[in-house]
Amino acid sequence: MPSNSSENSPLILKLAVPSPLRRLFDYLPPVALAHHEPGFWKPGMRLQVPFGRRQAVAMLVETSTSSEVPKAQLKHATGLLDETPLFPGPLLQTLKWAAAYYQHPPGEAFSAALPAKLRQGSSTRPELESVWEACDTEAENSASLLGRAPRQRALLERLQQFGPLSRQECLAAGFSDAALKGLAARGLIRSRPRAPALPATQVDRATLERQPGHAPNPEQQAAINTISRSLDQFQCYLLDGITGSGKTEVYMQVIARVLEQGRQALVLVPEIGLTPQSVGLFRDRFQCNIVVLHSGLGDAERLAGWLQARDGTAAIVIGTRSAVFTPLAKPGLIVIDEEHDGSFKQQDGFRYSARDLAIFRAREENISIVLGSATPALESLQNAREGRYRHLTLPHRAGTADKAPISLLDIAKAATRDGFSDILLGQIEHHLGQGNQVLVFINRRGFAPSLVCQDCGYVFECRRCDAQLTVHKSPPGLRCHHCESRHGLPGECNFCGSTQLLTRGVGTEKSEQFLQERFPHIPVLRIDSDSTRRKNALSSRLVQVQSGAPCILVGTQMLAKGHHFPGVTLVAVLDADSGLFSADFRGQEHMLQLLFQVAGRAGRAQNPGQVTIQTRHVTHASLQSLVANDYHSIADLLLQERRETSMPPFCHLALFRAESTDQRLSLSLLEQTRSLCTQACQSLKLGDVEIHHPLPAPMERRAGKFRTQMLVKASSRGAMQTLLARVCPQVETLKSARKVRWSIDVDPVDLT
Ligand code: ADP
Ligand code: ZN
Ligand code: ZN
């Protein structure tokens, strides 16, 4: 029996230790700190602990006076790493909720939320290192000074857009000491200690806005007023505004009020939406410390930004998915731009949705959150309709630019050359002739999606995946886009030995080559993940586009988001059909969102624009909705379909996945999982839960592994949670779970 005496019932620290086990681990305080009162121990502190044969960095989640482990077997933690908790209470609550909701081992969930350095046990007080920052210089000045020094120019741009960097960070980003020296000698950059510039709480109201924003139109004003009225309480807004309607202006005006109150704003953007251009908008507008967090940062850079957010010296934090975990000293507002974007959902490991987590967090922090999109996720629309979110709409373009008319070009019977019909080529020529720019959208990178033998019809496939190999031109070869394997270009057919091999279909590289031959005097800029892999390759291309001279942009969805291309008057979609008949239940929704976004790139400045979409299915309802520029009526149709087939948002899904080189093993693990689910439903009396049979995944083999999945459907979130909380720890202990890689995905986005 536990007694009240502190000697008999020692304080137990319940810690999240990084490990695949879905539970907390009990430890005693470090011997040297055993004398502290229980109140000394605060959730969110890190401790060093012995774990198996290694030392691990763990986080304190709660304290207790009892443990299921006999006292004699409890180990002492080795050391305390933080004097104050790393996460403030509301964020800690959010993380605890997320680990439980997504059925992820708490140790790994907490770990995923930390910058790498803190995960490894670094102190939160790094020595002050010195950093290089850009001096305020007239753009023309620096341009003329740097005429023949592209590396220096690229480095300067990086410092201007993303803020100061240490020498180490510059070197890590691929720049040289020579580039730093050159810029310093020209007086374009200077060195200073890495110290927070201006605490958020001291944002100077009078000089906060470097330049005033637009005078809001009545719809923007209404949205700004409504959101501003609820800054001191939780409210989730869906800011549903067509592309070019000025959502950014709404965010900025509300953020200005938040900053004036001495509070901070967290802005989450999609991975490819976080461009120097979009960050530049905020830097141009606000004179305050803006921290940018994205996956390209070095560990030191990321930690520095994280600390500035936590101590309140960063007024605005802009980041991609994982920035949702950034602690804020004085949170005032969360904005999720392009809330429908797939990159907010983590697809492996800790499979959280940054959007849903941010909403939970806003509630815990008692602040408001704005979800913005021109094409809201069906889930969000439904939430707005049911009154859980407040629906704010911006149905018109802001400013003077008119909406670009969208037309479909029927290529069912037309001849095309490398994917381009004559009519489309004529339009491209016309727009270039007017001195304008053209954007060509193709959702496939590489030269061609397949290589085919002309004699026997053999198609080259990946040996490790159920997928065709993509032909690439630079560097030449065949590549698998699923396992990243690379092969040389074959000289002959694997099957019949014929040398008559032909590429089939069109990728960005082929279009680039075709357009360059067709328009030899016009620069053709390809923008996809291959062409922009090198640091600064994207920004240097964007600079060229901003110059306004005629050019053709060819690219994938990297082009679709966040960019403002004032010189583009024609947007062409080479082939809209690939997404129309997708097997995934979200396929159509995603394709539509993408096409609406791409179409929104046209005519965003004074020049009226035009959007042309080549298709073989002109009568398809999704494409017709594009022509009518009416996302909402097609969203209604899709929602109706979801209701009839009882799919999200009208039910809740979870997907168990298993993969192994031996298909029987993964199938058998999921069969066992299925019986555990059935038993749990009976013993917990859960009605309205459907447990599907395990099936091979749509792409059955990837990287040599056989992939199997099992879908669980529930009509209520509560039932799903009760079921998973019972079953997941059971699956963990199954013998076959050790031989197979398995995972659980709650609210999966991708069922392939
Ligand atoms: P969205 O994010 O909704 O696609 P943006 O915020 O990019 O739209 O705005 C589109 C363009 O309209 C931008 O160039 C922006 O500067 C301009 N703009 C926004 N609000 C106004 C306004 N009230 N008056 C004039 N121009 C505006
Ligand atoms: Zn052949
Ligand atoms: Zn492969």
Side-chain angles (χ1 to χ4, degrees), residues 211-224 239-255 267 269-270 273 275 277-278 280-282 284-285 335-339 370-376 392-404 451-470 478-487 490-502 546 560-566 596-607 609 699-705 707:
Q211 41 175 267
H214 296 283
N217 61 33
E219 289 141 359
Q220 286 173 316
Q221 190 65 58
I224 295 164
L239 181 61
D240 180 351
I242 62 166
T243 51
S245 59
K247 295 183 286 295
T248 313
E249 187 62 37
V250 173
Y251 306 149
M252 288 202 187
Q253 302 231 7
V254 179
I255 288 173
V267 181
V269 296
T275 58
Q277 216 182 351
S278 61
L281 282 179
F282 282 87
D284 289 346
R285 178 72 160 269
V335 171
I336 315 258
D337 192 24
E338 312 288 4
E339 62 90 28
V370 181
L371 314 180
S373 176
T375 51
L392 306 169
T393 51
L394 303 177
H396 303 110
R397 278 209 164 178
T400 49
D402 276 332
K403 244 183 336 205
L451 184 65
V452 189
C453 169
Q454 279 233 297
D455 283 331
C456 75
Y458 174 83
V459 181
F460 284 77
E461 289 194 350
C462 178
R463 248 169 272 144
R464 309 171 66 219
C465 306
D466 291 329
Q468 298 184 355
L469 291 168
T470 303
L478 293 179
R479 269 192 240 168
C480 174
H481 287 182
H482 302 279
C483 69
E484 300 306 324
S485 64
R486 292 174 179 229
H487 317 266
E492 56 189 46
C493 172
N494 285 350
F495 190 74
C496 75
S498 161
T499 52
Q500 300 299 307
L501 305 179
L502 263 191
Q546 297 308 322
K561 287 169 204 174
H563 301 291
H564 187 55
F565 298 126
F596 270 95
Q597 294 289 338
V598 175
R601 299 306 112 200
R604 284 168 67 93
Q606 306 312 322
N607 308 327
M699 180 183 280
E700 199 172 335
R701 210 164 42 100
R702 187 157 75 193
K705 298 260 175 68
R707 306 161 72 236

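Whatever order the structure lists ligands and atoms in, that order sets their numbers, starting from 1. By convention here, the first residue in the shown sequence is residue 1.
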With a 4.5 Å heavy-atom cut-off, do T243 and R397 have their side chains touching?
yes
For V250 and A223, which heavy atoms make the closest approach, and how far apart are they?
CG1-CB, 4.1 Å
Rounded to the nearest 0.5 Å, the CD atom of E219 sits from the NE2 atom of H396 at a distance of 5.5 Å
Distance filter under 4.0 Å to N217 heavy atoms, resulting ligand 1 atoms:
23 (N)
Side chain, backbone, both or neither: which applies to A215 and ligand 1 if a contact is any heavy-atom pair less than 4.0 Å apart?
backbone
Answer with side chain, backbone, both or neither: which part of H214 has a heavy atom less than 4.0 angstrom from an atom of ligand 1?
side chain
Using every non-hydrogen atom in the two residues, find where P376 and E339 come nearest and quote the distance to one decimal.
CA-OE2, 3.1 Å
When rounded to the nearest 0.5 Å, the distance separating CD of Q454 from SG of C493 is 11.5 Å
Check: Q220 side chain, E249 main-chain N or O, donor-acceptor pair, under 3.5 Å
no
Could you say whether the N/O atoms of P216 and ligand 1 ever approach to under 3.5 Å?
no
Side chain to side chain contact (heavy atoms under 4.5 Å, CB included) partners of D337, counting only residues at least two apart
Y251, V269
Side chain proximity check, F460 to N494, heavy atoms < 4.5 angstrom:
yes
Have a look around the Zn ion (ligand 2) and list protein N/O/S atoms under 2.8 Å, or say none.
C453 SG, C456 SG, C493 SG, C496 SG
Ligand 1 atoms in contact with G246 (distance to a heavy atom under 4.0 Å):
1 (P), 3 (O), 5 (P), 6 (O), 8 (O), 9 (O), 19 (C)
So E338 and Q597, side-chain hydrogen bond (donor to acceptor under 3.5 Å, both in side chains) or not? Walk me through it.
CA-CA 10 Å; E338 312 288 4; Q597 294 289 338; 3.2 Å; yes
CG/L478 to CZ/R486 distance, rounded to the nearest 0.5 angstrom?
11.5 Å
Atoms of ligand 1 close to I242 [distance to a heavy atom under 4.0 angstrom, numbered from 1]:
3 (O)
So which atom in C453 and which in C496 form the shortest heavy-atom distance, rounded to 0.1 Å?
SG-SG, 3.7 Å
Indicate, as side chain, backbone, both or neither, the part of T248 found under 4.0 angstrom from ligand 1 when only non-hydrogen atoms are considered.
both
I'd like to know whether E484 forms a salt bridge (charged side-chain N to carboxylate O under 4.0 Å, His left out) with R464, so could you lay out the CA-CA distance, the side-chain angles of the two residues, the decisive distance to 0.1 Å, and finally the verdict.
CA-CA 10 Å; E484 300 306 324; R464 309 171 66 219; over 6 Å; no
Short N or O distance, G244 and ligand 1, threshold 3.5 Å exclusive
yes
Under 2.8 Å from the Zn ion (ligand 3), which protein N, O or S atoms do you find? Ignore water molecules.
C462 SG, C465 SG, C480 SG, C483 SG
By side chain to side chain contact (heavy atoms under 4.5 Å, CB included), E492 pairs with (sequence neighbours left out) T499
Kindly compute the distance separating CD1 (I336) from OG (S373), expressed to the nearest 0.5 Å.
11.5 Å
Taking both backbone and side-chain atoms of T243, is any N or O found less than 3.5 Å from an N or O belonging to ligand 1?
no
Quick one, C456 with S498, criterion side chain to side chain contact (heavy atoms under 4.5 Å, CB included). Give me CA distance, side-chain angles, the key distance, then yes/no.
CA-CA 8 Å; C456 75; S498 161; over 6 Å; no
Test of understanding: given a 4.0 Å heavy-atom threshold, classify the contact between Q220 and ligand 1 as side chain, backbone, both, or neither.
side chain
Considering only heavy atoms, does L394 approach ligand 1 within less than 4.0 Å through its side chain, its backbone, both, or neither?
neither
